[in-house]
Amino acid sequence: MIGTFKGLLTTARWLLKRPVTAHYPEQHLPVQQRYMGFPALLMDDTADEPFCTGCMVCVRECPTQCMSAQMHDNPKFADGTSHRRKIINEFEINLNRCILCGICVDVCSFDAIEMSYEHELASYARTGSRADLTLLLDLGRRYVNMSGWTPANAEKNVAEVALAKRAAAAAAREAPAGDAATEETTEGGE
Amino acid sequence: MVGVTVTTEQAYDTVDMMLNMGPQHPATHGVFRMVLTVDGERVVDVTPHIGYLHRGSEKLAENESYGQVVTLFDRLDYVSNLNNELIFCRAAERLMGIEPPERGQYIRVILAELNRLASHLLFIGTYAIDLGAMTPIMYGFRERERIQNMFESVTGARMMHNFIRIGGVKEDVPPDFVPRVRALLDDVERGVQECDRLLTFNEVFLARTRGVGVIDLPTALSCGLTGPSLRASGLAYDVRKDYPYEVYPYLSYRVPVGENGDCWDRYYMRVLECYESLSMIRQCLDQMEEGPVMAQMRRIARPPKGEVYVHGENPRGDIGVFLVSDGTDKPYRVKVRPPSFCNLVSLRPMMRDAYIADAVAILGSLDIVLGEVDR
Ligand code: SF4
Ligand code: SF4
C-alpha cells in the first residue's frame with residue numbers, strides 16, 4: 001500500500017512538468033556537432049570538382065563493401081587548373097548497406113568524404129538508396145552549409161592552395177640564387 | 001464412434017505438458033525460445049533454444065581487418081556497445097604490446113561506465129515491464145536518452161559508435177565534455193533514485209521477486225554465472241576489481257554483493273551498481289588530465305603471431321575474447337565468451353519448481369541480450 005502511494009507520488013510530481021519526448025515527424029531534435037549520418041562527398045569549389053580522386057582506399061576498407069568508385073584522367077590537370085591527376089568519374093554508395101561506421105572518412109587522405117548530417121533517406125524501392133555522385137555531392141554541400149566544414153589538410157587538397165604552392169616551388173627552382181626552396185610538391189591522384 | 005477402447009487408467013493418466021514460450025514473446029527481449037515442461041502450474045524443466053539471431057560474427061571477423069572487427073563487436077551486446085569495443089581493442093593491444101595513453105584510458109572508462117549506466121537503466125525499465133509495471137520504463141528510458149545524447153555528441157552515433165580504437169580512442173572528447181558529463185550525472189542520479197524509489201521496495205514488486213528464482217552460490221559458480229547475477233548470490237567477483245585493467249585500479253568503489261540470490265537481489269545489484277558507476281565517472285573526471293588519446297602506432301594494426309585471452313566486466317558479466325593472430329592484418333580466430341550466453345546455463349536450476357508466471361520474472365532478471373547470446 002505504501003509502495004503504491006510512493007509510486008503515485010513520484011508520478012504526480014511529473015504530472016505538471018513538460019514532457020521530454022519529441023513528436024518525431026513534426027518535431028526534429030537538433031543533431032549534435034559530431035553526428036555521423038550517411039557519408040557524403042565534398043566539392044572543391046576552387047577547382048569546381050570533387051576532392052575525391054578515386055583512390056579506392058575507402059572502397060577497400062569499407063566493412064560492408066557498399067561503395068564502388070571509378071576514376072579517369074583529370075582533364076583539368078592538363079589545363080593546369082587543378083592539381084589532381086585523376087578524378088572521380090562514378091561513385092556509388094548503397095546507403096541501405098552502409099552501417100555508418102565512419103571508417104571511410106578515417107582512411108581518406110584527400111578530405112573527400114565526410115559523415116554528413118543526413119539521416120532521413122527512406123525510399124520505396126529496394127534500389128532507391130543507391131546514392132550516385134551527384135546526390136552524394138549534393139549531400140556534401142548541404143553538410144558544408146550546416147556545419148561550416150573546412151578541409152583538414154588544405155595545403156595538400158585544395159586545388160587553389162596546392163597549385164599556388166606548386167607554382168611558388170617551381171619559381172624558386174628557376175630562380176638562380178640563394179634561397180633553397182626545398183618544399184616538396186604534393187601530388188593528387190593515385 | 002468406432003471401436004476405440006480407452007481404459008480409464010489411460011484416460012486419466014497425467015502427463016507433463018510442453019509449453020513453448022517465444023521466439024516471438026515480448027518478455028524474451030529478442031528472439032529467444034524456451035520450451036517449458038510444466039506440471040500444472042509448476043515448471044519441471046526448461047530447455048532454452050537459441051540461435052535465431054546468429055550472424056556468425058566470430059567467423060565474419062576472420063575476414064575483416066582489425067579495425068573493422070570493432071564494428072562487429074559493437075553489434076554483439078547492442079545495449080552496451082562501448083564495453084564490447086573496449087574488450088576487443090584491449091585484446092588486440094595486448095597482442096601488439098601497446099598501452100594506450102592515460103587520457104585515452106580515462107575516456108574509455110568514462111564511456112564504458114556511462115554505457116553500463118545506460119544498460120542498467122534499460123534493465124530496470126524492462127524488468128519492471130516484465131513484471132507488469134508500466135511506469136518505470138518511462139523513467140529509465142528518459143535517463144538513458146540523456147546518456148545516448150551524450151554519446152552522440154562524443155562519438156557521433158547513438159548506438160554503433162566505432163569510437164574506441166586499437167591504441168586509444170578515435171578522437172579527443174569535445175571541449176565542453178567535463179561540465180556536460182557532470183550535469184548529466186546529476187540528472188541521471190536523480191533518475192536512478194526515482195526508479196529506485198518507485199520500484200525497489202514496492203510491495204507488489206517484492207512479492208513478485210523475493211524468493212523467486214533462487215540460485216545458491218555453488219550452483220551459480222558451477223553454471224558459470226558472472227556479473228551482477230553472480231554477485232547477487234553472494235560472491236564479490238568483479239573483473240574490474242580482481243583483474244584490474246585500464247584505470248580501474250585508480251578508482252575507489254565498492255562491489256555490491258547480495259545475500260539470497262533471488263530475482264530481487266539480482267535486480268538490486270544493478271541498481272546499486274548504477275550508484276557505483278556514477279561515483280566512478282565522477283572520480284575519472286576529477287583525475288583526468290590533458291594529453292594524447294591515441295598511442296603511437298601504425299595506421300593498420302598488424303599484431304605479431306600469437307594468441308591472447310582478455311576479459312573484462314560488462315554490464316551482464318564477465319566477457320572474454322580469445323584472439324589468435326597469424327601475423328597478418330586480419331585475425332586468424334576470434335572467440336567471444338559472451339556473458340549472457342553463459343548466464344543462460346543457470347536458467348534451468350533457477351526455474352525448476354518455479355511457477356509459470358514467474359518464468360518471465362526469472363528470465364528477465366538474468367538480463368540477457370540476444371545479440372550476444374547468438375552472436
Ligand atoms: S578514399 Fe577518399 S579520395 Fe579515395 S576514393 Fe575514397 S573518398 Fe575518394
Ligand atoms: S560509413 Fe562505413 S559502411 Fe558506410 S560507406 Fe563508410 S566505410 Fe562503408
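FYI, side chains are in, hydrogens and waters are out, and symmetry mates aren't considered; it's all heavy atoms of this structure. Every chain is numbered from 1 and lettered A, B, ... according to where its sequence line falls, protein lines coming before strand lines.
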Separation between CD of B/Glu171 and CZ of A/Arg34, rounded to the nearest 0.5 Å: 3.5 Å
Which distance, rounded to the nearest 0.5 Å, do you find between the CG of A/Leu100 and the OG1 of B/Thr71?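 Reported to 0.5 Å precision, the distance equals 11.5 Å.
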Using side-chain heavy atoms (C-beta onward) and a distance below 4.5 Å, is [X] in contact with [Y]?
X: B/Gln68; Y: A/Ile103; answer: yes
X: B/Glu152; Y: A/Val31; answer: yes
X: A/Gln33; Y: B/Ser153; answer: no

[options]: which one forms the most heavy-atom pairs within less than 4.5 Å of chain A?
options: B/Arg158, B/Arg75, B/Met138, B/Met160; answer: B/Arg75
options: B/Arg142, B/Lys170, B/Glu64; answer: B/Arg142
options: B/Thr155, B/Leu206, B/Asn149, B/Val204; answer: B/Asn149
options: B/Val154, B/Thr135, B/Leu199; answer: B/Val154

Chain A contact via B/Tyr139 - side chain, backbone, both or neither, heavy atoms under 4.5 Å: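 Just its side chain gets close to chain A.
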Relative to chain A, which segment of B/Pro174 carries a heavy atom at a distance below 4.5 Å: side chain, backbone, both, or neither?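 Both backbone and side chain.
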What's the shortest heavy-atom distance between A/Glu61 and B/Ser65, and which atoms?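 Shortest heavy-atom separation between A/Glu61 and B/Ser65 comes out as OE1-OG, 4.0 Å.
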Check the pair B/Asn162, A/Met36 against side-chain contact (heavy atoms from CB on, under 4.5 Å), reporting the backbone distance first and the verdict last. CA-CA 11 Å; B/Asn162 193 15; A/Met36 296 202 295; 5.7 Å; no
Could you walk me through whether B/Glu145 and A/Thr21 pass the side-chain contact (heavy atoms from CB on, under 4.5 Å) test, one step at a time? CA-CA 10 Å; B/Glu145 196 57 38; A/Thr21 30; over 6 Å; no
[X] atom [atom1], over 12 foreign heavy atoms within 6.0 Å:
X: A/Arg142; atom1: CZ; value: no
X: B/Phe201; atom1: CZ; value: yes
X: A/Gln27; atom1: CD; value: yes

